[in-house]
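Here's the structure we're looking at; comments come further down.
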Amino acid sequence: MKKKLLAISIFFVIAIIIWTVIYINKHNSKNEDMETKVQFEYNSNMSVLPFQNTFLIYDGKKLIRKSDTFKDVFALRLVASNYVIKTMSEDIYILDKTEKILYKISKDGEIVSQVKFVENGQNIYPLKNSDVVLQYSTGVNTDGIIIYDKDLKKKKDINYPNGLVNIVVYEERTNNLFVSIQVVNELDVINSIYIYDFKYEPQLFQNYKNLVTMALDVLGNNILILDPTALYIMDKDFKNVSKVSAQASFERMITANDKIYLQDGEKNVRIFDKAGNLVEEKSFKEPIINMFTNVSQVVYVSKSEIYSDKKDYAVQEVIDKSILLSNNKLIVFFNGGIRTFAIPY
């Protein structure tokens, strides 16, 4: 009898343990994508950027790095009234257009290098090879680029007579640098695409009429050139592979899993394979203001909704900006606060 009671007691203890483990796991799974809201004096003039699994906030006076739980990692006082801020890997770059200074800042918030230039700096493009490109203007319809190394020492200065730089893209697999130039021409709208090798020597050059480059990307062996009216898919020698015409007007493009995602108009996204064949179309209730790609899916953000393949979220506030961190946390910014969402894989 005693053995029987002992066996029953052991059974109930094991059952309670199993039930407790199941309950905890279910509870955690339900909460792993729950949102977190934090009050913060955010306004639309601030720049926000993802930085690994943390994020940066800069208002032209103070640069703040925060963790995904909103704890301060560092705060750096740096005044730049007219600026561009970008990141690459573990480095942060701030272009002060007024004072004509380019700063390189470490992940710990220390200014590790800076360089002063005489040109009118317009934009910066940090590259995955640790170089950084400064786009400048001369004010006489001639733009140019200066390439600096990791210590902000000048490596190359290239100018484009009668040309305005509109985009710079680095392709890591081939170490090629793509520069798109809008040629100043009273008769035609001409776009010139230059390709440079790892030494920044020109390799290819191509002119296109009636083309304005909004975005440029490389997918496999194909070059993608996005214009408001069409997507042009070229091979590595700039020979035409396919052309996709916009139904309304192309707003943005991202690539993921060998697919091309094109926002066509405010509320529609059309998805193509790398050869330009239509795969899928999506329509949304509200205008899409941002698109992100994570490990397995694309996330779409409107002013009050977040759409993913596995779960949608409604946001009470009006979303102003949004960023996706490397740990798959989506952070949305609105007047007076921040929300974070753990997007399921």
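Since this is a predicted model, take the numbers as computed values, not measurements. Computed over heavy atoms, backbone and side chain alike; hydrogens, waters and symmetry mates excluded.
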Other residues, nucleotides and ligands only: do more than 12 of their heavy atoms fall within 6.0 Å of [atom1] on [X]?
X: Asn335; atom1: CG; result: no
X: Lys116; atom1: NZ; result: yes
X: Gln52; atom1: CD; result: yes
X: Gln316; atom1: CD; result: no
X: Lys156; atom1: NZ; result: yes
X: Lys303; atom1: NZ; result: yes
X: Glu41; atom1: CD; result: no

**Q.** cation_pi(Lys86, Tyr125) dist<6.0 Å, angle<=45
**A.** yes
**Q.** Gap separating the CD1 atom of Ile323 from the OG1 atom of Thr340, nearest 0.5 angstrom
**A.** 9.0 Å
Do [X] and [Y] come close enough that some side-chain heavy atom pair is under 4.5 Å?
X: Phe70; Y: Ile338; answer: yes
X: Asp264; Y: Leu262; answer: no
X: Asn123; Y: Val133; answer: no
X: Met234; Y: Asn240; answer: yes
X: Phe272; Y: Asn277; answer: no

(Q) I'd like to know if the side chain of Glu171 pairs up with that of Asn176 as donor and acceptor (distance under 3.5 Å, no hydrogens or angles considered). (A) no
Q) Do Ser44 and Asp320 get their side chains close enough for a donor-acceptor pair, meaning under 3.5 Å? A) no
Q) Phe333 vs Phe55 aromatic rings, parallel, tilted or perpendicular, using cut-offs 30° and 60°? A) perpendicular
Q: For the pair Tyr194 and Phe205, name the ring-plane relationship: parallel under 30°, tilted 30 to 60°, perpendicular over 60°.
A: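 Tyr194 and Phe205: tilted rings.
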(Q) Could you walk me through whether Ile64 and Phe74 satisfy the side chain to side chain contact (heavy atoms under 4.5 Å, CB included) test, starting with their C-alpha distance in whole Å, then the side-chain angles of each, then the deciding distance to 0.1 Å, before giving a yes or no? (A) CA-CA 6 Å; Ile64 301 172; Phe74 71 71; over 6 Å; no
**Q.** Electrostatic pair Asp149:Lys155 at N-O distance under 4.0 angstrom
**A.** no
[X] side chain to [Y] backbone, donor-acceptor under 3.5 Å:
X: Asp151; Y: Lys153; result: no
X: Asp143; Y: Val165; result: yes
X: Asp188; Y: Ile190; result: no

(Q) If the condition is salt bridge (charged side-chain N to carboxylate O under 4.0 Å, His left out), which residues does Lys267 pass it with, not counting sequence neighbours? (A) none
Q. Per the side-chain hydrogen bond (donor to acceptor under 3.5 Å, both in side chains) rule, which among Arg270, Arg252, Glu251 passes with Gln263?
A. Arg252
Q | is_close_aromatic(Tyr208, Tyr232), centroid dist under 6.0 Å | A | no
Q: Determine whether the aromatic ring centres of Phe284 and Tyr300 lie less than 6.0 Å apart.
A: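 For Phe284 and Tyr300, the ring centres are under 6.0 Å apart.
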Q. Out of Ile181, Asp227, Asn191, which one pairs with Thr213 under the side chain to side chain contact (heavy atoms under 4.5 Å, CB included) rule?
A. Asn191
